[in-house]
2 protein chains.
Amino acid sequence: MLHLQLETDPRWAKLAESNIEEILTDHAWCEQKAATSAITLITQNPEYPDMVTELLEIAREELEHFQMVHDIIKARGYELGPERKDSYVHQLFKFMNKGGNRIQRMVDKLLLSAMIEARSCERFKLLSNTIKDKELSKFYYDLMVSEASHYTTFITFARTYGKGVNVEKRWKELVTFESEIIKSYGTGDSLHG
Amino acid sequence: MLHLQLETDPRWAKLAESNIEEILTDHAWCEQKAATSAITLITQNPEYPDMVTELLEIAREELEHFQMVHDIIKARGYELGPERKDSYVHQLFKFMNKGGNRIQRMVDKLLLSAMIEARSCERFKLLSNTIKDKELSKFYYDLMVSEASHYTTFITFARTYGKGVNVEKRWKELVTFESEIIKSYGTGDSLHG
């Protein structure tokens, strides 16, 4: 789905289901990171009013998702626990053209955000289709819909404001780059694990 | 109001009114910093579910305030412009007991957040009472009410979870510390200027 080159092994969702407390904790922190990342994009690119407007909406939505996951964690008597690292995202960020100009860096950051949303979306769909817990299955279905629209927003802004950047080429490079990274994932009890 | 030792010189509001575009921009970035700060408090103190719940609500509200300020900026044909530094907050953070234990640092961060809300609140009230622009006068009145409740939330959590810390004493120290800092402010065209 959504242009990803490699689909997640369905066994990952079974593994996730067997340790749902850890998945929920990791997921809550993913939402925090997504909110923080949207805020960072705003501080780095304040000159695009329509993008700032959309990113503020996304940041608020990610915090709302954090609240929803946190509410589930509390209702089940689980513990949120310390922030989890996201090694998949860490690896993915090596794609960033750090030597590029400001526009190139903005495009890369938007494309990386789009990619993380796309992969999260794929994982949410897999979780929704696999896990037997009806509340969580519905929850992950709803999130899948929401994150799919974020993916579109990020990639659209990259196309709109990526003046002088071959955005389609860069996106294809990222899709290939991501497919190499994701090969070594699919066996961890985290959202991008 | 709200235990502040020193009131802002009313002339500050006149100055602010004469450069409302700059005040709105600075204010928008203050809301961003407040949201980011609440998120940081969550990542540093995930073990208090009720505090995480409240801080998520506050972070979302601050982003909503950012949206409101940004909407005013757009409607008036102003520009958001780059992130503004906040030298008042920067000075205030020197109060932090960096050598303290985790609880002491948490208490200090909560008290500093309470203080920034209290001072912002005082400035909002002054703006609301002074400026002739009716839309902004009402806007700043509403924000004053909202930020006053945040002040209470921060100080209450410091009291609730500051085990082994003399929170009242520390707060009094901060009130004195702040009153010294604020003496050199009141002449700048920013929210805490």
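Protein chains get the first letters and strands the later ones, always in sequence-line order, with residue 1 at the start of each. Just so you know, these numbers come straight off a predicted model, no measurement behind them.
- Neither the backbone nor the side chain of B:I73 comes within less than 4.5 Å of any heavy atom in chain A.
- Side-chain heavy atoms closer than 4.5 Å link hydrophobic residues (I, L, V, M, F, W, Y) into clusters, and following such links, possibly through other members, connects A:L174 to A:I103.
- Residues satisfying the side-chain contact (heavy atoms from CB on, under 4.5 Å) test with B:A59, not counting sequence neighbours, are A:L63, B:A38, B:I39.
- Follow the hydrophobic side-chain contacts under 4.5 Å out from B:L15 and you never reach B:I131; the two are in separate clusters.
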Put together the list of donor-acceptor pairs under 3.5 Å connecting chain A with chain B, please.
from	atom 1	to	atom 2	distance (Å)
A:T53	OG1	B:K74	NZ	2.6
A:E57	OE1	B:Q67	NE2	2.9
A:R60	NH1	B:Q67	OE1	2.5
A:Q67	OE1	B:R60	NH1	2.5
A:Q67	NE2	B:E57	OE1	2.8
A:K74	NZ	B:T53	OG1	2.5

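- Here the shortest heavy-atom pairing between A:G81 and B:P46 reads O-CB, 3.4 Å.
- Legend: residues meeting ring-ring contact (aromatic ring centres under 6.0 Å, His included) with B:F95, ordered by chain and number and at least two apart, are B:F177.
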